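Keep in mind that this is a model prediction, so the values were computed, not measured. Chain letters run A, B, ... following the sequence lines, proteins first, then strands; residues in each count from 1.
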Number of protein chains: 2
Amino acid sequence: MNNVQDESLRDQKKIRRRLQILEIARAIIATKGLRSLKVRDVAEAAGCSVGSVYNEFGDFDGVILTVNRETVQALTLRLAGVPSEDPVRQLYGLAETYLAFFAEHANLLRSLFEHRMEDDRPYPDDILQMVMDAFALMYPPLVRLLPKADDVKIALLSRTLFSAVHGIISLGLEERMVAVPPQMLRQQVDQFLDAHLAGLGILPVR
Amino acid sequence: MNNVQDESLRDQKKIRRRLQILEIARAIIATKGLRSLKVRDVAEAAGCSVGSVYNEFGDFDGVILTVNRETVQALTLRLAGVPSEDPVRQLYGLAETYLAFFAEHANLLRSLFEHRMEDDRPYPDDILQMVMDAFALMYPPLVRLLPKADDVKIALLSRTLFSAVHGIISLGLEERMVAVPPQMLRQQVDQFLDAHLAGLGILPVR
DNA sequence: GATTCATCTTGAACATTGTTCATTTTCAAG
DNA sequence: CTTGAAAATGAACAATGTTCAAGATGAATC
């Protein structure tokens with residue numbers, strides 16, 4: 001096994017094609033929504049046959065799931081970049097960064113949260129785990145802010161808080177529903193955190 | 001026009017069939033999820049042709065949307081039954097009732113929130129309005145609890161709070177994600193409200 | 001009750017889209 | 001260059017949404 005450079009001409013093409021398929025699928029989901037994603041469109045845009053898509057991803061769900069996996073990875077990266085000096089600021093930063101990312105990639109996030117598998121096939125564990133990990137990112141700042149509290153409780157609180165923020169944002173960005181202006185929505189999120197942190201006995205140092 | 005009883009034999013059959021189709025579609029969504037809903041299955045179970053389904057509902061989305069409409073109506077009915085003597089209790093009651101309803105009808109609620117129209121057709125306004133109205137049900141108790149606050153702000157707060165509760169519940173019930181035991185989830189929701197109401201300066205009288 | 005006609009119902013045919021697989025093509029190895 | 005394993009192809013198939021010409025139904029009229 002040559003780890004350093006195992007780049008046969010064959011593998012190069014394979015890798016390039018794989019990336020191209022994913023890029024195209026992601027673009028379609030992002031611009032026209034998951035429901036508009038069609039195998040033939042992807043294959044044609046990637047300049048290959050539908051069979052190749054199946055060779056590379058097993059089935060069409062495989063394409064969607066790979067895009068979703070990369071979406072949650074990108075999200076995690078963005079969230080991990082939130083400054084952590086001040087734990088209170090970090091909490092606001094996480095919420096606001098989630099809002100910004102969701103606003104930029106609404107359809108990709110919806111694909112991540114709304115896609116259902118055919119029949120009773122299970123959703124891939126690694127994706128679920130990554131989502132859970134992202135939603136656990138409020139844990140470190142909360143631990144610093146509530147040093148007396150039980151670890152398990154803080155873990156729960158972290159998930160609860162992030163889920164609440166997710167609800168506010170995902171419904172707030174649902175153009176079908178309210179079409180809250182993004183600026184307004186940021187205010188909403190901030191005020192929500194104001195009140196909730198105050199209720200937890202945390203001083204909003206803003 | 002005979003308003004009292006315009007029941008020709010024809011109309012009776014039409015109405016009965018319509019109800020039957022909806023009942024079957026609802027049952028399939030509720031038990032196997034929206035993605036498992038197929039025209040032919042519905043038609044066969046209803047003892048009619050696929051053409052009749054189209055005559056009655058225009059297209060397949062029409063069936064789904066009608067089920068969704070009835071779901072939000074049932075939800076509103078349940079939420080409207082929450083006692084309103086004590087405004088604080090009412091808020092907890094609304095959240096807990098939403099949790100109970102969501103737990104009982106998880107797939108129907110997911111159909112309501114996750115169904116996307118084909119192409120760029122708009123989601124029916126009346127359904128959106130009903131969802132918004134349901135999410136505004138926290139407004140009356142909040143007004144009583146925060147008499148000094150601006151009406152518009154309370155309207156926003158109502159939507160924000162309900163959206164937050166929705167996020168906690170919809171992700172908490174996502175068996176693919178966490179599989180929080182329902183009893184645990186109720187505790188989570190209650191504690192969430194505890195903290196948030198405290199932060200709003202409302203005494204949790206529990 | 002027979003006739004008529006508007007309406008509803010039917011289901012085969014069609015359209016769209018996911019999936020398979022026998023055949024052909026490619027290319028790294030010998 | 002030859003060869004064989006792997007990949008690519010795309011026609012055929014399968015599943016499913018949609019249409020519509022032809023037939024069935026029942027309310028109205030006589």
Just compare [options] and give me whichever is closest to any side-chain atom of [X].
{"X": "K13(B)", "options": "dG18(C), dT10(C), dT25(D)", "answer": "dT25(D)"}
{"X": "N55(A)", "options": "dT18(D), dT10(C), dT9(D)", "answer": "dT9(D)"}
{"X": "D59(B)", "options": "dT9(D), dT10(C), dT18(D)", "answer": "dT18(D)"}
{"X": "Y54(B)", "options": "dG18(C), dT19(D), dT19(C)", "answer": "dT19(D)"}
{"X": "V39(B)", "options": "dT18(D), dG18(C), dT9(D)", "answer": "dT18(D)"}

Quick check: H105(B) with F101(B) (ring centres under 6.0 Å apart)? yes
E56(A): which of K13(A), R17(A), K14(A) passes salt bridge (Lys or Arg N to Asp or Glu O under 4.0 Å): K14(A)
Test side-chain contact (heavy atoms from CB on, under 4.5 Å) applied to R121(A) - qualifying residues, sequence neighbours left out: D59(A), D61(A), M117(A)
Below 4.0 Å: OP1/OP2 of [N] and any side-chain N or O of [X]:
{"X": "S49(B)", "N": "dT10(C)", "result": "yes"}
{"X": "S52(B)", "N": "dT10(C)", "result": "yes"}
{"X": "R17(A)", "N": "dA7(D)", "result": "no"}
{"X": "K14(B)", "N": "dT7(C)", "result": "no"}

If you assign R40(A) and E56(A) each to the DNA chain D nucleotide with the nearest heavy atom, which residue ends up on the more 5' nucleotide? E56(A)
Is F60(A) touching bases, backbone alone, or none of the nucleic acid, heavy atoms closer than 4.0 Å? sugar-phosphate
Rounded distance in Å - [atom1] ([X]) to [atom2] ([N]):
{"X": "K38(A)", "N": "dG17(D)", "atom1": "NZ", "atom2": "C1'", "answer": "11 Å"}
{"X": "I21(A)", "N": "dA8(D)", "atom1": "CD1", "atom2": "C1'", "answer": "11 Å"}
{"X": "D61(B)", "N": "dT16(D)", "atom1": "CG", "atom2": "P", "answer": "16 Å"}
{"X": "E118(A)", "N": "dT17(C)", "atom1": "CD", "atom2": "P", "answer": "16 Å"}

Does L157(A) offer a backbone N or O that forms a donor-acceptor pair with the side chain of Y139(A) under 3.5 Å? no
Evaluate whether atom CD of E44(B) has more than 12 neighbouring non-hydrogen atoms of other residues, nucleotides or ligands under 6.0 angstrom away. no
